[in-house]
Every structure is written in structure tokens, then in C-alpha cells.
Amino acid sequence: MTVAVRVIPCLDVDAGRVVKGVNFTDLRDAGDPVEMARLYDAEGADELVFLDITASSANRATTYDVVRRTAEQVFIPLTVGGGVRTADDIDRLLRAGADKVGINTAAVARPELVRECAERFGSQCVVLSVDARRTARRTAAAGVPQDLSDRRSSGPRFEVTTHGGRRGTGIDAVAWAARAAELGAGEILLNSMDADGTRDGYDLEMIEAVRAAVSVPVIASGGAGALPDFGPAVAAGADAVLAASVFHFGHLRIGDVKAALADRGLLVR
């Protein structure tokens, strides 16, 4: 059975407002998350992703009130991430209205968190959020497990970053995605830190590399700028395409993207 490609707007939230920048810097206000969620639901978005982008770096919890108010306005699946440190955090977010929860920084620090959450809530609720950037370094950082470091002598390397892209880890993103899937992650949200906000297109090599390593769905994120960008991401192995600024600032509409995908012979909802 062919599964329809999902089109997903992403709400990057800071201090209760949707923001967007380039490579997670130079953020500018894009609107109220509750109002924008309602709009995207009405426009036909398949899902929504809500990321509190400063929760981990500021060492605080996700803003539950904003999540709750957003969930009340939409009737499509809502994934929430940012500042999730424990299984109890996931429990609270699910109770606040999230359908799925993204984990990144805490899972890198303690991979068993992925297994614990999958066993408690089901893999379908656990999304591994991977913020990765290209790097020429070939050796693992101190303390990085050998199986997660990248010792390849050629080809691009993608390093996992944490704390909203602020810290490198020395961990290979492809190996980490594969390990997390084995631990029970039901989906991989793969964000290119290099492409984020640039509108230069998705990192197709990174998508292809992760797709070859995992069997769970992969959401491509980072770099969408024009209608021709979305189809190649799906061809590279993405099951869903995520975008933010092109939707927030009116450059593209959800229907435009779905029509472009359908024109390529891809199934959309």
C-alpha cells in the first residue's frame, strides 16, 4: 500500500511566539502559534510540528499552556518538541494535547530514554529530532561511543547537534538515527542545520543516507524555498516534507506544495 506524502508546517516557538531565522539565528517574529495552527489546519496541512526552540538551551520545560491552546484549535496530529528530558515530560505533553513528542538533547545524553518512552507510550508517540550539520571532522569527541562516531575516510559526514543547534556532539547523525530506531523511535525528524532557513533546498544527501539506515518514516526539514524543492526530498527518501518560513511569510501555501507533489505522480492527501 502506498502511503501519502505528508506536508507539515513547523512552528518554531520562542517566548510564546512563532519565530524564524537562518541556521537558528537572527530570529524574527512570525506570529501567534495558536492563530497560525488554526490557519494551517484549515489550509489542509497533514500534521503540525511545534518546537520550543530555546527550551533546552535555557534549561526549562516546554510552554505547556501554548501547547494546550494550540491543540485545542487543530484536528490534525500535533508533534511537540523542545525541553523534553524525561518520560514524565512526554506524559504531560500528551495530556496537554500532543499526539507525538520529539526528543533530541536528552536522548543524545541518555539513549535509553528512547526505549523507556517507546515502551511506556508506544513507538508511534516517539519522534527522534535530529539537528545535524555537515562537518569535515573524522574523529569522535571525548566520551562518544565508538558505534556512534564516524570513522569513514570519504564522503560527507553529518554531526548531531543539541541545545537548539548550539552544541556539537561528535556523533554521526546517520548512526544515531539507526540506533534510535532500534531503541524504539517511531519516526525521525531530520533537520539540516546548514540548510535551515536558507531556502536553498533540502540536504538530499543527508536524507538519502538516513533513509538507507532506517525503516521508520523520515521527515525532511531545513531548506525548503520553492515548489521544486519538495519532490526531490521525497525522491531521496522522505516520507514527509516540513517547512516553516515559506509558509509563515506567505511565499507558498499548503495547497501549492500538494499540487506540485501530485504533479510529480506522488500520492498526497
I'd like to check [X] versus [Y] (side-chain heavy atoms, cut-off strictly below 4.5 Å). Are they in contact?
X      : Y      : value
Gln73  : Pro33  : no
Val130 : Phe158 : no
Leu113 : Val84  : no
Asp41  : Leu48  : no
Cys125 : Val101 : no
Glu72  : Val34  : no
Leu128 : Trp176 : yes
Ile207 : Asp203 : no

- Task: Tell me, with the steps shown, if Glu35 and Arg38 meet salt bridge (charged side-chain N to carboxylate O under 4.0 Å, His left out).
- Result: CA-CA 5 Å; Glu35 292 299 321; Arg38 183 188 295 119; 2.6 Å; yes
Using atom types as modelled and distance alone, determine if a side-chain donor or acceptor of [X] lies under 3.5 Å from a backbone N or O of [Y].
X      : Y      : result
Tyr202 : Ala195 : no
Lys258 : Gly44  : yes
Glu159 : Thr169 : yes
Asp131 : Thr162 : no
Asp200 : Gly223 : no
His248 : Cys10  : yes

- Item | More than 12 heavy atoms of other groups within 6.0 Å of Arg120 CZ |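 Result for CZ/Arg120: enclosed.
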- May I ask you to check whether over 12 heavy atoms, not counting those of Arg110, lie within 6.0 Å of atom CZ? yes
- Taking a hydrophobic cluster as the set of Ile, Leu, Val, Met, Phe, Trp and Tyr residues connected by side-chain heavy atoms closer than 4.5 Å, whether directly or through intermediates, do Leu39 and Ile8 fall within one such cluster?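 Cluster IDs for Leu39 and Ile8 differ.
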Value rounded to 0.5 Å, distance of [atom1] in [X] from [atom2] in [Y]:
X      : Y      : atom1 : atom2 : result
Ile90  : Arg85  : CD1   : CZ    : 12.5 Å
Ser123 : Lys100 : OG    : NZ    : 12.0 Å
Asp196 : Asp12  : CG    : CG    : 7.0 Å
Thr86  : Ile103 : OG1   : CD1   : 10.5 Å
Glu187 : Glu47  : CD    : CD    : 6.0 Å
Glu43  : Asp256 : CD    : CG    : 9.0 Å

- Query: Please walk me through it: do Val7 and Leu261 pass side-chain contact (heavy atoms from CB on, under 4.5 Å)?
  - Reply: CA-CA 10 Å; Val7 178; Leu261 292 171; 4.0 Å; yes
Minimum heavy-atom distance [X]-[Y], with the two atoms named:
X      : Y      : value
Leu190 : Met206 : CD2-O, 3.8 Å
Arg199 : Ser245 : NE-OG, 3.4 Å
Leu183 : Pro111 : CD1-O, 3.4 Å
Ala185 : Val216 : O-CG1, 3.6 Å
Asp99  : Pro77  : OD2-CA, 3.3 Å
Ala107 : Val114 : CB-CG2, 3.8 Å

- Message: Once you measure the plane-to-plane angle for Phe230 and Phe247, does it fall in the parallel (<30°), tilted (30-60°) or perpendicular (>60°) bin?
- Response: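 The arrangement is parallel - the two ring planes meet at less than 30°.
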- Out of Leu242, Val49, Val257, Ile254, which one pairs with Pro9 under the side chain to side chain contact (heavy atoms under 4.5 Å, CB included) rule?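 So, applying the side chain to side chain contact (heavy atoms under 4.5 Å, CB included) to Pro9 and each of Leu242, Val49, Val257, Ile254, only Ile254 qualifies.
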Going by an N to O cut-off under 4.0 Å, is there a salt bridge joining [X] and [Y]?
X      : Y      : value
Asp89  : Arg92  : yes
Arg115 : Glu112 : yes
Arg211 : Asp239 : yes

